[in-house]
Amino acid sequence: MFKKTLLGAVALTAMLAGMAQAEDLREFRIGILGGENEADRLRNFQCLVEALPPVLGVEKVSLFPAADYDGVIQGLLGGTLDYAELGASGYAKVYLADPKAVEPILTTIQTDGSTGYYSVMVARKDSGIRSLDDMKGKKLGFADPDSTSGFLVPSVSLPGDVGTTIDEYFGETGFGGGHENLVLEVVKGNFDAGTTWSSGVGKFEDGYTSGNLRKMVDKGILDMGDLVQVWQSPQIPNGPIVIRSTMDREMKAKFKDFMMALPEKDAECFSAIQGGDYKGFTEVDENFYKTIIAARKAKIGS
């Protein structure tokens, strides 16, 4: 009786594994974070729609651009997305909800060889704001509640830099609806300053080598001559490429190999999906994000 039960369990496990593998072979689903124009996001990832099917052996690759960070996070937690590129805080949110939902496998390498980036606060050049001292009592904008550079790190770092709580120091705070829109709101004067992300490498007037400012400059929707930088955070770990943990093992390996080779095999595609200049990818796991996971748990809870 025990032998029959054991054999039945093995058969069921094999059947479920086979069903999961068959499902993997039909469609590969890519989640794309919100924060910039949807048409631009779809255009940037189109190269993967064309390149990945023969590599992974799937029938099609589908793109799912979310309105905000949480849309992708919930898709990953629900198992309806196979791959996404998250900020460190977004990954921390997934991990704290379900540490087995996704696997972080790769992150980007900056042109200077580092694997980190920065939160920067920018203001209009004609505002007269040049430092945090000038922001006392002013209106500060954050990018997104689930953004590492646009909210988590500034909310943790700024109190120490200004000597009091954010609510006491700034006259008002709010969210801009993603990084791109936040900077546009600063330019319009709806926020006195706002926090966004940048490599911190290269020249400010170019929007640095990568990050939201660089992407906006490259799209022709931002003139860095209109802005000044008034604050920069400590370095933040570059966000991870994550994949669904239950994905077929062979497909995981094929996808990882494809991404590792992408910077040299198709530099244009690599630059499009990353938004700026990077050297390539390097391997990471959950340990790379322990400090951000702890910071998010302490600050937000989940």
Side-chain angles (χ1 to χ4, degrees), residues 32-41 44 65-73 87 89-90 117-159 161-200 204-208 210-233 236 275-276 299-300:
I32 309 175
L33 293 178
E36 63 179 308
N37 180 277
E38 183 174 308
D40 292 334
R41 287 182 284 154
N44 290 339
D68 55 18
Y69 281 44
D70 194 54
V72 170
I73 289 168
S89 182
Y117 70 110
Y118 300 89
S119 171
V120 295
M121 185 187 299
V122 293
R124 279 175 59 125
K125 191 172 185 178
D126 61 7
S127 67
I129 297 170
R130 296 292 181 271
S131 68
L132 283 179
D133 289 341
D134 299 323
M135 277 297 295
K136 188 171 184 178
K138 301 287 177 58
K139 186 176 181 180
L140 174 64
F142 297 113
D144 184 287
D146 291 315
S147 169
T148 318
S149 58
F151 179 63
L152 179 63
V153 167
S155 70
V156 171
S157 297
L158 282 171
D161 291 342
V162 300
T164 186
T165 66
I166 286 175
D167 289 341
E168 289 177 347
Y169 191 80
F170 299 100
E172 186 179 350
T173 61
F175 289 99
H179 285 274
E180 184 177 289
N181 195 58
L182 169 70
V183 174
L184 293 176
E185 291 296 299
V186 171
V187 173
K188 292 174 186 175
N190 294 327
F191 289 109
D192 293 302
T195 56
T196 189
W197 67 287
S198 164
S199 67
F204 175 79
E205 53 263 37
D206 296 331
Y208 295 110
S210 62
N212 178 55
L213 298 173
R214 176 60 179 269
K215 287 201 277 187
M216 294 178 72
V217 169
D218 287 348
K219 289 194 288 187
I221 60 174
L222 178 65
D223 182 346
M224 291 299 292
D226 293 334
L227 298 176
V228 292
Q229 181 172 312
V230 300
W231 175 81
Q232 179 172 296
S233 74
I236 305 165
K299 178 67 181 179
I300 303 173

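Ile129 is listed as a side-chain neighbour of Met135, based on a closest heavy-atom distance under 4.5 Å. In this structure the side chain of Val183 reaches within 4.5 angstrom of the side chain of Leu227, judged on heavy atoms. Side-chain contact between Ile300 and Leu152: present, with at least one pair of heavy atoms (C-beta onward) separated by less than 4.5 Å. Residues Leu158 and Trp231 are in side-chain contact: their nearest non-hydrogen atoms beyond the backbone lie under 4.5 Å apart. With contacts defined as side-chain heavy-atom distances shorter than 4.5 Å, the pair Lys125/Arg130 qualifies.
Val186 and Ala193 make their closest contact through CG2-C, 3.8 Å (heavy atoms, listed as atom of the first residue, atom of the second, distance). For the residue pair Asn212 and Thr196, the shortest heavy atom distance occurs at ND2-OG1, 3.0 Å. Counting all heavy atoms, side chain and backbone alike, Ile32 lies closest to Arg41 at O-NH1, 3.5 Å. Scanning both residues, Ala123 and Ser127, for their nearest heavy atoms gives CB-OG, 4.0 Å. Minimum interatomic distance between Tyr117 and Ser149 (heavy atoms only, all atoms of both residues): CE1-CB, 3.6 Å. Between Asp144 and Phe151, the shortest heavy-atom distance links the atoms O-CB, 3.3 Å.
Rounding to the nearest 0.5 Å gives a distance of 11.5 Å between CZ of Phe175 and CG of Asp68. In this structure, CD1 in Ile166 is found 7.5 Å from OG1 in Thr173, a value given to the nearest 0.5 Å.
Counting only N and O atoms by type, the side chains of Gln229 and Tyr118 include no donor and acceptor under 3.5 Å apart.
Counting non-hydrogen atoms of neighbouring residues, nucleotides and ligands closer than 6.0 angstrom, the NZ atom of Lys219 exceeds 12 such neighbours.
Using the six-membered ring where Trp is involved, Tyr69 and His179 have ring planes that are tilted, between 30° and 60° apart.
Checking side-chain atoms of Ser210 against main-chain N and O of Gly276 turns up no donor-acceptor pair under 3.5 Å.
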